[in-house]
Every structure is written in structure tokens, then in C-alpha cells.
Amino acid sequence: MTTSPALVVPVGLDALVVNTALRGRDGFRTWQHNYQALNDYMSPEPDEGDRQSNEAVHNHTGVHLHWTLPRGLRHGVQDPQTGEVRYPLVPNRWLVVRFSGTSTRRAKAWVIESDCPYSGTAYQNGHPYDRSSSYLVSDATLRAWQSSPDPYRNTMTPDAPQVLIGLAFPLTDTAPWTERATDVPLFVTAMATGDPYFTTYTPHNSNVFSFLDDLSDVTAADTLGYQVIGWYSDPGADILASLPPGASYADHLAHLGWQDPRLTGDPDQDTAVTPATRSLYSGMALTIPWDPNATSAPAPDPLDTIRDSGGLNVAVGNTTEDAFTALAGRTLHATGASPSGSDLQLLRTFLHNVLDIADEKGGDARVRRHVHDASFGASAGGHHWTVTPPPADTADPTATPAPFTPPTWLATLNDDQHRLDKQLGELYTHQWRLNALWLKYGLADALSPRPGAAPDPDRMRQELDPNQEGSLAHTVHAMTAQVRDLAAKVPQPDDTRPHAGDHDALLAGISAFAEARGLTGGATLKAVPRHPYWQSNNPVVSVSGLLPPADTTVSDEPVPVRPLTDDGTSPLVGAVTVAGTTISATPGGAGHGAMPAVPGLSALPQEISALLAECFLLDAGSAPALAAATGLPVNDISAVIAAHRPADYTGTLPALGLDPWAQSWEPLIMEWKVAYRHIPYAAGTQRCWTFDGTDYRYTGAVGAAPDPVTVTGISGLGPHPRSLFAARLKEYIAHHGTDDQRGQLDAWLTSIGGWAFLAQELTGFNERLAARDLRAFRRPSTDDTDHPHIAGLAGYLDAATDDGLPARYRGRVTSSPYLPGGAGAPFHETRQGQIHVEELFLYDKFGRVLDVVSPDTEGGGLHDYRNFPLVVDTLLTAETSLTPTIAAVAQLPPRPLQPARLDFDLLDAQTGTRIVRTAADPNPIGGWILPNHLDHSLLLYDPAGRLLGTYRLLTGAQGQRSGRWEPPPDGTVTTLDQVAALAPLVAGLIGSSNLATEANFTAFLDVIDATLWTTEPLGQRADQNLTLLIGRPLALVPAQLRLTLEGPPLGDTGWAATLDPSPPAFTADRFAVRLGDQAARDDGLIGYFTADDPAAYRYDRFHSVTAPDDGQDYATQIGPLGTQQGGNYPELTFGDPAPTRLLLLLDPRAAVHATSGIAPTAAVTVPPRHVDDALRHVQALFRFGPVLTTEHAQTLVFPRPAEKRGTWSWLRPAPGQAPWTPYELTPALPDAQFPDSPATLEDGMLRLLTEPEQEH
Amino acid sequence: MSPSPQHSARDTIPVGDIELHDDYLPALPAGDYRVEVTHTLWTEPEAGEAFTAVQRFTVRGPQIAIDTGAVVAKQPPDASSGRYAEVLPHVVLGDPMLPWERAMRGAPAGTPWLALLVLTDDQLVDGTTAPTRTISGTVGDFLADDPDVLKPELALEADLGDADPCAYIQVVAEEFHAVAPRLAELRFLAHCRGANTGDRAIMGIKEDGLFAVVVAGRFPATAPPGSTTATKNIVHLVSLEGHEKILVDDPDFQGCDSVALLSLASWSFWAYPDRQADFADLAEGLTRTPDGNQAGREEMWLRPASPYQDTDGTPAPQRQVARRLNDGYLPLPYLTRSGEATYGWYRGPLTPVMPVATARAAQATTADALIGYDPAWGSFDMSLATAFETGRALAVADAAFAQHLLAFKHAARHLIDTLYHQATSNHLPPDDDGPKTARAAFGSLLDSDLLTALGTPPGRPAAPWTPPAPAAPPADPAQALEDFLRSDATRATLTGALADGDGLKDHFAPIAQWLGRLMLLHPVPFTHLVPEERMLPQESLRFFHVDPTWLDALVSGALSIGAQSSRDTLQDQIVADTVRTAAARTAAAHRDTLRGTTPDDPVPDDTTAGDAGNGLGSAARPVSGLLLRSALVSGWPNLAVRAGGPDGALLPVLRMDHLAPTVLLCLFDGLPATVELSEPQEGFRFGVEDHGLIPLRNMLPPNSPTGPQLGEQLGTDVTFPVLDHLRTGTGGRVLDIGSLIPALTAALETAHSTTVGPVGPADLAMQMVKVPEAIRFTGPNGDRR
């Protein structure tokens, strides 16, 4: 055996004591992966309803041991080149030793070969197959087994990767264990099978990381101690055998989370430390009482306690934050401190980390928006390309940057990119369908009888044939070719030389692309991510009263490990001193002779002997034996050992396993069964859902909904709420806490560490509604004899072909049709309905179950599902329950079940077609309006800031007042036709005869004014003083709205729809969009005009953010917010053939928000450059008069305004339509000088011409 | 007669009184100094080593020039002509220490280094280009050796160089001997004065109420009595430093023809032997109509003369015109927006009749709202509309103010938004005293038992529980905000914030300051006050009321800029009262602020204190004033104007400014019953009365309440013949102080029947004072007496 330095790494060892009483009392949920099912095109994971309970092997009496791999061995590392996550090999040999007996201790030992297959030899030698675990192995492993001399391995069949692994070999003197598989490569990793529960849930790792000691040889009450010691059968495979490239020993240990005491953190000293090259893993479970004849289950038992008290609450919400807020409210309510609405709102806002937003003006609405948007998850929405101008001359900040014209090919590139993004969405959907078709083809064959609705196999085969014109495979092939063509037209990652990562390769590719297009002079081509597509998250369930698994909550602190070196001093515990007597131990009796021998040690790593001795000295169960050997009183020895005081021991105590054993129960997995009642968009002509401006409410008739659909699922439980709260609290205290709070932080964090809160989303809920299956599924491969092309066409990463997709576009098929037991499942196009929990139960790593909600009123869930007091977050509250017999119903307002997006874009004002996203794009501003609420007028400007005249109420011949256009006083524009040529949108606005009536025009001015009440008047931009003096310039901006899906609409996955999918129905549902958000105070929208078609805005009706007065027929309020009857909103469908056009009137300094409920809030902002350019050139006109002035040498005497950037002049009115006469200004002074011309009173206008040098 | 006064005189001395002091000596006269310290170390028993340290320093003082502003008054006035034969010219210096800041060699402390020489053209050499014969050059030129010119033995201060400019004169040696005071006489020709400056136009200097006065020892040269020819006299304030040796009875001019003297100030005047354009004449002229008749009080209002009578016999249209004109209106050409030319009535803020107050102007948001239309006569009254636009134009014209106003409006808007947010946020508990931010509220939630409660293990849930839902957002945010803004509580908070350092005070203060000036019409163009010259002809005094409504409109206009929505307008209206009050307070304190008597804090923290500004300019507390267009203004720039109320008490002066060299504007806090124009006390003259006599004045403190006051004339017939003590053998009339003082002392002791101690410079000044002349008018409120 090697003597190279080794590290002793502590591992946690859990022991569940199962006696007859416990078996009778507790249920066990045990299920395993059945990889054989893949042969039948079924998922290796069981259907949720099909999981086993109370399997004998998993609730067998005895002690169930489970050791937890150190975290460092469970962490994958992503390969920067391939993106693949690699997991380290884990120890594959585990020695399990049980100490029993009192004054004479006995030891019983087993060696567990974690990676030993259950083979014919194992069967012949009497190994029970049900104590081995399912695993999928590679061909390489199968071949290695074949060629191994070990009969346990070479009796495996070479062609079945679905195997059972893990055998326990008793270690006896008569049949000593020796290493038989030195030349078989190790293969077990924490995630090799893709099973997240592989290392933690004992039914998945029996005899791999867990072991059942049935204690058949212990027939009387006893106190047991267990030790588990693990190692790598091949020292070369040891995690410490070699360091990762570029990493030092210290780096490697830091990554593993291990603290070698020889490392100081000082790099110079640490390089001198001899690296350990082997690792040993040691865990202990001590003083476990065992009584084979006990009539009661071991106590205390947390599971039993909870079951007795019923002390837990369950809440449901959109997000962990929301569910936890509701749950915390319930908890506070229970303590008698009834939480106020503001308390809960604060808690929610705190958890969402937006307390700062809450403190802004309109904070409530902004928080509401944030919370709503947080219930969606993003998926990339494609790219938009922009070219940024060369960097400005920083040496001269006043220099005006030269106007920058983006290159002409930019538009083409964006068109190509847009088509590519769209085409990819289509392709992915077809890939999914192709994959599903292939799976169904195989499944239909495997099922007996063949499902009646399954299509004819020949037809299916034809569709799978890429050479068959018009087949699905052919279509995918053609689309792949199109994508390849389009992809070649946009920048792609540079593959001509190696790069540090994907991102660098892409940047290099972009640079090369720009260079090839001739982009020079410091301008840069940049990819701007387009808004992502969004899909609603699964509902989240949070549970209080239960502690999360200890393994999920360990701190980030490194674990102390103990190095075993040749320097003569062992850090292991070698002796304990009791009453002055130093007691040592050695297996087999040397030393004080109390320690039993452990057979077969010579075949094991040599350090094990010392580790066993250490365990013996740390085990209070050893006290009688040690007393007998030393003559010291039992109680003295027992007391010293139980205390585990470092001072009493030589050596360093291990970091784990010293606590006395107690029966534990920490829930690991939640299984749930939720009843979902889909509420259709409409029943007949009556809509069931009404948009209230923020989200949808169910307002349809009761009874319109069909029968509930049951959705089941399984979710791992995590301590997320606790860690979330702790992280937020730390941040809050660090930035805003008082000194007092800072002082309390540590204590608070500690107390949070003891909180009993769990949360988990209902994983797969959304997919199930859409009849999609997230479980593992059989996938096509390139060596499939019948369909070798399917894997490549479906875009699998490892099936790349020369004519296939570029690597970055592959790997999108991650789910399969949900066909439980081969039968179809209900399919929903959207998620919109009400849910209630029918069943909810939790179980721990050993499978012990806590039934929280159960339909079984007899069998003993904590709650009957009918009156289960589920806490429903306010956002999911159902006003009208469709299921009145259920106490707690949550409502899920309509959401698409696939990524979707509300596209809200500004359009180029000139052409009305191109979309404006960045400053390099065309100008979206179609004209300016300067409202003056004091003199009830509008100043009109063209997009560049040129004055187009005034619109105001004038008194007509009959005394009636009506709105009319007045040309600008300078005479440059004299007809409305000229206005229409310069700014057609402005001309459209003032050309509406409906605007001209006094009531209507007044209403228009009023709604503008009312909106300005709540819009922030400016960012703190000092350069806009002039604009401030004359008012708030509003812009007319064309925009469009569109609901888009990522790819085509979801289709049914059932057998009947396989080749003949029914057309989507929900794409005809009309979803409302509210523009503007006055309450949030950060929205600049005044209102909008709709359009009949792209060229024709309906100027006769203004849809205003604020409510207009009655008695007019021009302005109509958007919404209004909160209405339950359906308000004034534009309505869109996902199936709209064209975007919905709108003409917005907005304050360009704020964004405009579009709220749809079904998607996150969309917002658009006019790029500041377009605003600033125009406002710099706005010709300011102040109506003045009467003023007292005198004329002096062709100038007028007037207090001269101070604006420096332009020339002020006075415009004196002229009779009729003649242009007004400009006069220069002479400053009027308070000095007593009598003018040489008489004083006159004049009306007129004060005009500022800005930057006259650039006017010509 | 105390030397070296210790207190600030300007406010402790009653208006109109003066204090006289012999001198005001600096602690250390100007010059270069050396401090030498020797420390001898005694190592017993004998002295050991001695250590010496020397520190040199300079006490700076003016030496070759003084600030042009240092001369507060010259008497007789510059370029004036008058009957000055019996007047001793003098100069008033703003720095009360100036004459004693430099030491004269060989003379006791208290001997000034400055003297005022009254000269005639023939006594001066060169410098013919300047009216006062001053030669402009450098110090080097001045001190350069010249066998014909005697130069002073001057030790220049360290910071002066040959290249520094200076002004000097050269006086014929003989004439210098004749005119210049002797070294021992010098101290009698300078003294220090304290006077209250509250009734003076602000001259732009830092006044502390103490002045130094240097008096000439020579009466002006005049033609013989009865002649109508004026004689030019040139006065120079000269430095005698370095000329000590020639200030003796028998000087040695070292063969020089002339003496060079630094001239620190100079002016000239024309002296007539008889009365002509002096103060009294000018003042009296104001009381007459152009045709020479005594003007009635009605003719002294600021308004144009009406061609029509406002009497029953006048046809109605003419009578209407007469009424308008009598009320101060002018018909002005009016060019309307539609281009039509018409007429509109205009009246500025200065009105001849008690204005009728209206609240409209304070609430107006546009000028149009203030256009008055008289349907009976089809005429427009554009006065208030013009006032509004004037305020607006002035505000736009002042970039700094516009910035401040916008910043203030923005801050107020921000404050209201914040208050509204705090009042409505569903993150904050509803009680008023709770935390004001979500962060703070969460902090107090943490400090309560939140964490403990969350850590409490739950019990078995029984009844379903629904979390309380947050309040829905208001259906109409703008309306909710308006309701909030209109609530009394918000108004109160906002008003309070204006005085709160943490609130809007910093933004508010410069606005109140500017509006205060505006309410005193500082930036208002003069044509807006007096649109036509015939309302204020040459040599006229016009009284007026200040129209508070006009001011309201003016302020409304100034505040109207930057209003972008009706929210700004409403917000403005809420703060307007406070703004106007603060502006009025600033206006009331404006003059004090300029004179530096109040801390630079126009917005007192305690707004409830009854202060000077409350209601200023309102009907209850009218402001009135006068415009004086006269040579009096240019001749007596330090002219004192005192307005007396009906009870005789002096009315505070709000503003007194020269709008032009001949135009003085005064605004009073109240309606004066009397207005008195007088020569300034500190500028009052020295000299003799008829026949060269002076009345002797009481030099002793009053021994009883009824006894003569200090300085009171002992009797009309108790006089002293000053002209008996002139230097003999010289052409001009130069006082022989050496003989005058003993004789005067003897006369005074006789008159007082007791010894009066040595007569000092202040005593001499008191005896030689000519009473300032004054004229009193009946004020606007005179008939209410």
C-alpha cells in the first residue's frame, strides 16, 4: 500500500433505526429509476402516481445508514470550452464497521463496492438484488467489466447499460475482502445518471452511499456505534491524485471546501506544504440504542412530533418571495400579532429586494409591477445589432460630436438577425415535434395493445424520413438549412483560433464581421439583446414548521480535514485520558486490549486501523469495555468520552459525528397533487376573464369550467426562504441598519438558521398542463439503425453533422410528450384557472413520509384536503371559487404556457415602419407639442424643433369658440398643407374636426395637464432650463404593440394530434394592454390615438391616461384601472397578422409602460439623443403682453432675458396674416431716464432663436 | 467730549443728533515697526549668554492715496456755486480713523496727517489740464528731486513703489506758507463724528456711523460783497507727512519755488458773495409751480396735469378722462395681438390716490386675467396686466432668479410628492408619527419582534386565513394628489417647510430676497414708474402711494414662470401667501440688510414674531414715497429725508435710491404727515454767521432737565467774533488758530461763568457749526393730522 500523504475528510453519517413499532407506524415512500423502461420508450422515472410505498427492503428493521458525500465531490465544474458540466469521481469503496456489546465490544464489518454491478455472480453468491441501485453505465464501463478478471464484473452482459450497482461484502476472517477490480476505471459521480437525488435519497443509492444493517445478529438490547470509511479503489482516480490544470494544492482544497491545517493562506508558505494525494472519508454514528424487542418506535422523533402537533402551515404564491410572505403573515397571525397590510407589504418588498423602489414616488405601483414581473422566467429573445459611434473626444467635453450615420448594412443585418431569430423559434418547435414523433413511433410499437389513437406506423415512419418530401423530418432538414444560411449572414463565434470561452469567441467573430463590412474609425458593432421571452413560473409552495435537510443548509465555511503524513505525529485521536490514565486502543487488542479486532484490515488502506481506533475511543459505548480493561469506573470513562473535550484526547477530534445519535427526520422531497380547473377564455359569447388594468380576474359564470384536471409532481425541498431572508437581511443591515441592528445581526442570522421554513416550486406544473414531460426520456441516437438522422435533425449536441446546425443553436429538445403509461394526458394551451391542493406529502432521505394533505380522511394525513387551510398569497386570491367545497382555492390568471412577449416598439416617424431601439436607429419623433395650460394653447413643432404655429381657441363670427391653427408669427409656414408636409402627424392631430370644438379641445388640454400632475417633470437635467421656462415638450411618437410567442403556438401532444395537430385556439383570444402607468409616476404617456390601418390614425378620439370631463366626445380614458367591466384597452391576439399601431403622445423624458398581465411589463423610451437634438433647436415663443415699452433706434426696450445660447427678439403683431415684425431688444433699466419716444403698451411674442450660427 | 469713541454710533444716536470727538486714534499708527526681544540667561552669579530676536512688521495705512469712496461728503458740494464766503469747507471721511492713522514727526499724538487746503488757481503751479490742477503721475515722479520744488521727506511704506500712481499738486511756496496750517494748529482742524445714518440714501459704503471730518482753515475766496461774480475755489485734501519742517511760522523752503503735496481728494466750487443757488433756494423752489406760484398739495402728487376739470360742468367723456388722469392713469398707445392700434389706460405702481386693494392680482396666473375693461367707456385698463408681464419679464431676464425659482418649485413639488407618498404608501403604517420610508419602516419591523415571531414554531392551523391585501392604487392618481394638495394639513406642512432648514428654506430664501427687492421696485424699469416726463418735471417733488395691487400683480408675474401644469399653479397659490409675506419682510428689512444692521437672514425662523414685514404694502400698512428730481439731489447726494408720521414719529425708510444723478426715490413704511429734506448733519457746515460772529454753545452737561442741552446756544446774543482771529499779512482769510483758541476759551468761560477746560478740536467744531438747513413739506398724510 502506498504511504503517500492522505487527507481524512469527515463525512456525515445518518442512521435511521427501524424497529417493528416504527414500521407499523410510519409509511415509507421508496421509488427508484427503472432504466429498463427506456427500452420501451418510457421514462426511467416512475409516473408520479406510480411510486412505491413501504417496500420491504427500504423499511426493513435494523439500522439504515446513509453517508453524505462531501460537497466538494458533488460540485460539477463547467468546461469553458464545451460548456459541459463535469462531476468528479467519488470514492467507490466504503468500509462499514458496527461496534456492539457492552463490556466486551464486538465489531462487524462490511466492505461496500459502490460501483460493483449486480451480476450473475452476485446473484449466485446470494446478494439480494433489491439492495443494489439503478445506474446507467457507458459502453466503456461495460467493456471494462467484460475484460475484468473479477467474476462479479465479467459476468455482466455487454449490451445493457441499464444496470444495478452496489454490493456489500461482509468482512470476515474466513472470507476476507480484497480489491478485485483494480483495472476497471471508476465511473460513479454524483450526477452521472442525471438523478438529483442519487447521492441523497437512500432508495437511489442503496449500497452505494447507504447501507442497511439488519442487525439479525444482535438479539438483545445493545448500544451500537457505526463507522464508515471510504476510499478510491484506484489511487490514481482520487480527487487529490492530481491537481486541476493551473490550480495549486491550496486552490484545489479551497474549491473542495476542505481546510488542511497546514495551509495558512500565505501563498509562499502554502507552496511548501506537501500536497496530500489521497483522500479517506470517515463518518461516525455513535451511541445508537437498539432493542429488537422494543414495542415502541425510537423517541424522540421529529416526524412523530410534527404529526402529533400538526404544527405546520403551507402557503402558495407565484414566487418563493410571495409564498413566503403569505406564510410569514400566517405565522405572525398565529403569534397573535396580526400583521397589518403594510407589514406584509414591507416583508414582500424586502424579500423582493425592492425596498428602495418602494421609497420612490409611485413606489407602491412600481413594487407591484416588479412583483408581477418577478413571476416570469426569461428565455433569450434574440439580438438586435447597433453600431456605436466612435468615442467622443474626452479632452474637450464641450465639443459637439460629429453627427454619426450608421452604416447602411446595419439594417440588412438586423433584418437577417430578426429572420434568424424567428426561424430558430420555428425550428426548435419542429425539432421538438420530430423528437416527439420518433419517441411516439417507438412507444406505440412497444405498447401492447397499440394505442387506438396512435397514427398508422407507416405514416409515422414516412414523417420521420428526411428524404420524403413534405415529411416532418424533411421540413426540419429544410429549416435547418435555412437557419444555416441565415446564421452565415450574422456574426458567429470565431472558430479559427481558440478562445477562453464562448463569449470571447463571439466577440472576436463580431469584430471580424464588422471589419469585413468595412466598419472603421472607432465605431463598434454591438449586439443588443432583444427583450427576452417570458414564461410564467410554476406556483411555489412554502411550508413552515419543518427544518430543511441539514445537508442543504451547511455553511460555506471549509470543513477541517486532517492530513496523515509521514512526519510521525498523527492528527488522529490516539488516546483518551480519564482521571489521569491515558487509554489507547488498537483493533484486535494491542494497547488496552478492549478494542475488538476487525477482520481483513490488511487488505484495506493502512490508515484505517488508526481511524477505527479513533472511533472506538470516541464512542461512549466503548466505556464498559475500556473500564473492564483499565479498571477505571465506567461512569468516569463514559462521562469523559461523552463530553468529547479536546483536552482529554491526544490528536485532533474529527469535525463531524461527535453528537450523540437521535432519530431524525428532515424532509427532502415533496410530492403533490393539485387539482386544476381550467377556466376558458370565454363561455359562449361571455368572457370569463376580465382585464382590470393590471391582471385578469375571473368574472365568468360559475359552472362554465370543466372538471378539474389532476396534476401531480415531485419537488426537492430547499431552505430557500431562509437563505433568501438571511441574504436580504445582511444586505439591508449593511447598508441601512442602525448600529444597534448591526450589533444584533449575527444573533439574528443565527436565529434565522433555526427557522423552520421550506419552499419549492411545483416543478413541472406548467409543463404538465401543456402535456409536456420533463422527466428523462429515451432519445434518438446516431447509431439508431432505423432512424439515424433524427438525433442530428433534433439538434442533439453529440449528433452534429456537417450539414447540421451550428453548435450554439443545438441542444434545445429537453422534454417529451407526457404520455403516462402510454396514454394521452389533458392538454391546455394556456394556464388559466383555479387550483387547490388535493394531496401533499413530504419524505426524508430514508423515505419516511409526512402526509400533510390527504384525500384520505381515514388514513391519517394531517389535513383533509377539503378544509385544508392553505394560505393563498393575495396575488392568487380567487374572488369567486369554482370549487366552493374546498376551503382554499388559488386562482392562476391567464398565462401562456410557452415563452411569450409583449413587443412594444417605437417606430421611425418618417416611414412608420422601422423599429427604433437605439440611438443609431431612425428618429421616432413625429412632432412636438408644447401645451400651455395658462393660456390654453398648444405650440406645434416639427420633429427637428421648427415652429409650426399654434393651436388655440378662437372666437368665431357667431361668438362660438373653436380650436384653430394659427401660423407661426414669423411667416415661414402659412398653410396647413405646409404643416402636413413638415410634420404629418402634427397635421393629423390638429386636422381633426373633433378636436376643434371648445369642449373637446379643453378636455384635451385638461387630460394633458392632469397627466403632468404625476409625471416627474425632469431628470435633473440643468440644460433644459429654457424648456422649463416654456413648458413641457410632448412628443408624438408612432409605436406598435404585438404579442409574440417564441416559436409557433404549443400543440397537443396526445396520440391523435401526432400527425394531425388541431390548430391553436388561444391565439384568437383577445388580450388587453394598458398603456401608461400614472400611479407609478415614472411613465410619460399622455395618451394615444389608435389606427385603423398603418397609414390612418384615428385622430378623432384620444385615449387618455387620465379621466377627461364629461360633455365632450374627444378624449376617453384608458381603462380605467381597476374596472371589472372591461375597460378601454387595445386588444391583441397572439395570432394577429400585423402589429397594432398606435400614435403616442408622451413626455419623452420618461418611459411608457405597457401592462398586459399575461407578460411582464414592457416599456419603451425615446433614445435621449432624438430628444436632445430637437430640443436644442426648439424655437421658443413666449406670448407676452401687454408690456410697457418704448421704441428706440429700431429696437424695443425690454428686460432682456438671460438665456445665452441664442438671440432674443420681440415679435410685434401685424394686422391680418402678415408676418410679425421682429425687433431686437434693448435692456430696460431701472434708471430714471426719460425715453426720447413715448411709452406704448404692446402685445407680442418674445422669441428665442437658438444657436443661430447653425440655423443657416 | 470723549476721545476715541468705542461704540457704533449709527443706531445709538438719535436720528438728527451728532456726537463729536477730538480724534480717533489707532492703537498703532501706520509705519514700519521692529520688535526686538533680548533674553539674557543668568548663569549664577553673573549674566551669561544673551539671545536676541527681531521681528519686523508694518502697520498699513493709506499713504499716497485713499479710496475714492472714502470721501463721504464734500462741502461745499463739488462744482456747486453758492454763497460760501462764510463757510469753512470741509470733507467728511467714512473711515473715522483715517486722519490719525499716520504719525506726524515732531507732533504729539492726535495731530492729523491730513489737511484741507482751500486754494485759488493762482496759488497752484502746473496741472492746468485738470479743473483742480491736480497732476497725475507716479510716486517716482512725485518724489523725484527737483531744485524748484520742495518734496516731502517721505518714508514710503514697504508695499509702495515708485511705479504706483498718485495725484499731487504743487503750491507756490509763499502761498503754501500763507494757507497751510501750522503743525500745532493741525489738530484743531480735524475731529471725529458719530451720527445716525438712518435717514440717508445708501451711498454704497460700509457705514458704521462714525466719520472723520477735516476742516479747512481758510474761508473761500470771493469777489467783494455785492458783486455777482463767482470765484473759483479749489479744495485739496493733502498729506502733510514729510512736510513737518515747513509747517512753522518761518519755514525754510530750501530755495524752492513751490511745494509738492500729495492730493488725496480734491474738488472745486464757485463762491458767490451773495445768496443764490444754495440749499434753501433749491428746496424752496420745489414748493413752487413752474410759474412761480406756491404749489398746492394737490399739485405735488405724481400724476400728469389734466386738461379737464373733474367737476359737474365738464362733459362726461372729458370728466372721465379727468378722473382717470387725476387717479394717476395715462392713456398710452396700445398695440394689440391682432395688430390693431388703440389706447389703453396705464398706471404704474406709484399712484396719486389711495389705491383700492383687490385680491385678483395675487391670484392671477395670466396677464389676460388682469386686463380691466370698462364697458361704460369701452376702455381697457392695462395697468395690472402690465405689472404682471413686467414681473414675468424681469423674472425671465434674471437667469439666477429663474434658476432659483425653478429649483424652488421643483423642491416644493418633490416635497409634496414625498409627503403624498408617505401618506399613501401601502408600505408605511397609517399613523403619522411612524417611519417615513419603507426602509425605515422595515427597520422598525425588525426592531419589533418580527424575527422572533417568524422563528416561533407554528401551531396546528385551523381556520383558513387570508393575508390582508394591500390597498389598491387610487383610480385617479392626479385627483388623489390634488385632494391631498388641497388639504389643510398639506398646506400647513408646506408652509412650515418654507422656514425649515431641512425643508425648502434654502431654496426659498433667495426667492424671498429677490421678490423683496422686486416689491421695492428695484429692478422695475423707470418708465414703468413714471411713463411720462411731465409727471415729474425738472425741479419737482412728487408724492405717491405705492399700489399694493400693482405689486401683487408684479409678484404674480414673476412667480408665474416655469408653471407647466395646473399642479404648479395650485402649488404656487398655496405657497404664494407665505412667499409674499416673506418678500414683504425682506422688503422691510432690505435697507437694514444693505446697511448691514441685521443678520443676512431675510426669513426669520420664527415666523410668528411680530416683525417689520408683516402686511407691508397692504392696505392696512400702506407704503408711500416721493420722487425728487432736483439739483438738490446732485448737490447734496447725502441729503437727509425724514418722513414723520401723524404722531410725529419718524417713519422707517424702506428705500432711498438715486435713480439718476438728479432723481431720488424714497419709499416709506407708512404715510408721512410731514417730509423734511435737510442737509446731512455730518455734512453740515462750519463757518460764521453774519458779521463773522458765531453763537456760543453750551459745553457742559445739562445740570437740570430744563437747563440748556449740550451744544444748545447759550443765547442769541452770546457770540464770538471769529473773523477777528485771521492770519495777518496774507491775502485770504485764514484762521489763526493760535489766537482763536485762547480767545474762544476766554469767551466761553465768561459765558459759562466757569472754567470749561481746554478747548479741543471737538469743542471748536461744536462752536463753529452752522446749523444744517432743512425744508419741511406736508406729506401725503398731512391733512389727516
Side-chain angles (χ1 to χ4, degrees), chain A residues 310-311 313 326 328-335 341-342 344-346 350 355 358-359 361 364-365 544-545 736 748 751 755 869 874 887-888 933-934 1009-1010 1012-1014 1028-1029 1031-1032 1078-1079 1106-1107 1122 1184 1186-1188 1199-1202 1213-1215 1228 1230 1232 1234 1239-1243, chain B residues 332-337 339 344 365-366 382 385-386 389 393-394 396-397 399 406 417 421 425-427 429 437-439 441-442 445 451 453-461 464-465 467-470 473 475-478 481 523 525-528 531 533 561-562 564-567 659-660 663:
Chain A
N313 286 313
R330 181 73 181 88
T331 305
L332 294 175
H333 178 72
T335 62
S342 62
L344 286 193
Q345 192 62 21
L346 278 172
F350 165 76
L355 279 174
D359 279 335
K361 294 160 196 166
D364 290 353
S544 69
H736 314 292
W748 281 346
S751 80
W755 283 4
T874 44
H933 84 276
L934 293 179
D1009 181 62
L1012 295 182
W1013 270 68
T1014 49
L1028 276 173
L1029 287 172
R1032 294 266 285 283
Q1078 207 187 5
T1106 57
F1184 252 98
V1187 298
L1188 182 72
R1200 187 151 68 191
F1234 290 100
T1240 57
L1241 295 168
E1242 291 194 15
D1243 286 339
Chain B
L332 293 182
Y334 174 36
L335 193 60
T336 68
R337 190 162 283 117
T365 56
T366 61
M382 312 304 288
T386 306
E389 293 294 67
L394 290 171
V396 171
L406 292 173
D417 279 342
H421 176 71
S425 169
N426 61 30
H427 288 82
T437 66
R439 279 201 183 117
F442 186 76
L445 207 56
L451 297 181
L454 288 179
T456 309
R460 179 185 287 269
W465 178 80
D476 186 344
L481 193 59
F526 185 68
T527 45
H528 290 60
E533 185 169 5
I561 67 166
Q564 298 174 3
S565 68
S566 57
R567 174 177 170 176
L659 300 185
V663 178

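This one's a predicted model, so the numbers in the text were calculated from it and none came from an experiment. Per chain, numbering begins at 1; letters A, B, ... match sequence-line order.
- In this structure, the side chains of Arg567(B) and Leu1012(A) stay at 4.5 Å or more apart for every pair of heavy atoms.
- In this structure, chain B has no heavy atom under 4.5 Å from any part of Ala334(A).
- Looking only at heavy-atom pairs under 4.5 Å with chain B, the residue among His933(A), Arg330(A), His333(A), Lys361(A) that has the most is His933(A).
- Side chain to side chain, Ser566(B) and Trp1013(A) meet the donor-acceptor criterion of an N or O pair below 3.5 Å.
- Both the backbone and the side chain of Leu454(B) come within less than 4.5 Å of a heavy atom of chain A.
- Heavy-atom pairs under 4.5 Å with chain A peak, among Pro458(B), Ala478(B), Gly339(B), at Pro458(B).
- Between chain A and the residues His427(B), His421(B), Met382(B), the largest count of heavy-atom pairs under 4.5 Å involves His427(B).
- Contacts of Ala1079(A) with chain B are made by both backbone and side-chain atoms, with heavy-atom separations under 4.5 Å.
- Panel note: side chain Thr1106(A), backbone Ala1010(A); no donor-acceptor pair is recorded below 3.5 Å.
- When all heavy atoms are compared, the tightest approach of Leu344(A) to Gly329(A) is CD2-CA, 3.5 Å.
- Residue with the most contacts toward chain B among Thr331(A), Leu1188(A), Thr1240(A): Leu1188(A) (heavy-atom pairs, distance under 4.5 Å).
- Each of Pro1213(A), Gly311(A), Ala1232(A) has some count of heavy-atom pairs under 4.5 Å with chain B, and the biggest count is that of Ala1232(A).
- Every residue two or more places apart in sequence or in another chain that forms a side chain to side chain contact (heavy atoms under 4.5 Å, CB included) with Thr874(A) is listed here: Arg348(A), Thr877(A), Pro467(B), Ala469(B), Pro470(B).
- Residues forming a side chain to side chain contact (heavy atoms under 4.5 Å, CB included) with Thr335(A) (at least two apart in sequence, or on another chain): Ala337(A), Ala453(B), Thr456(B).
- When the candidates Pro1215(A), Ala888(A), Ala1228(A) are compared by the number of heavy-atom contacts under 4.5 Å with chain B, Pro1215(A) comes out ahead.
- The shortest side-chain heavy-atom distance between Trp755(A) and Leu451(B) falls under the 4.5 Å cut-off.
- Of all the listed residues (Ser342(A), Ala326(A), Gly341(A)), the one sharing the greatest number of non-hydrogen pairs under 4.5 Å with chain B is Ser342(A).
- Taking chain A as the reference chain and counting heavy-atom pairs below 4.5 Å, the highest number among Pro333(B), Ala385(B), Pro464(B) is found for Pro333(B).
- Comparing Ala441(B), Gly455(B), Pro477(B), Pro457(B) by heavy-atom pairs within less than 4.5 Å of chain A, the highest count is held by Pro477(B).
- Note: Asn426(B) leads Leu394(B), Leu332(B), Asn426(B) in heavy-atom pairs under 4.5 Å with chain A.
- For chain A, the nearby parts of Ser425(B) are the backbone and the side chain; heavy atoms of each come within less than 4.5 Å.
- Of the listed residues (Leu355(A), Asp1009(A), Asp364(A), Thr1014(A)), the one with the most heavy-atom contacts under 4.5 Å to chain B is Asp364(A).
- When each of Ala660(B), Pro525(B), Pro523(B) is checked for heavy-atom pairs under 4.5 Å with chain A, Pro525(B) comes out on top.
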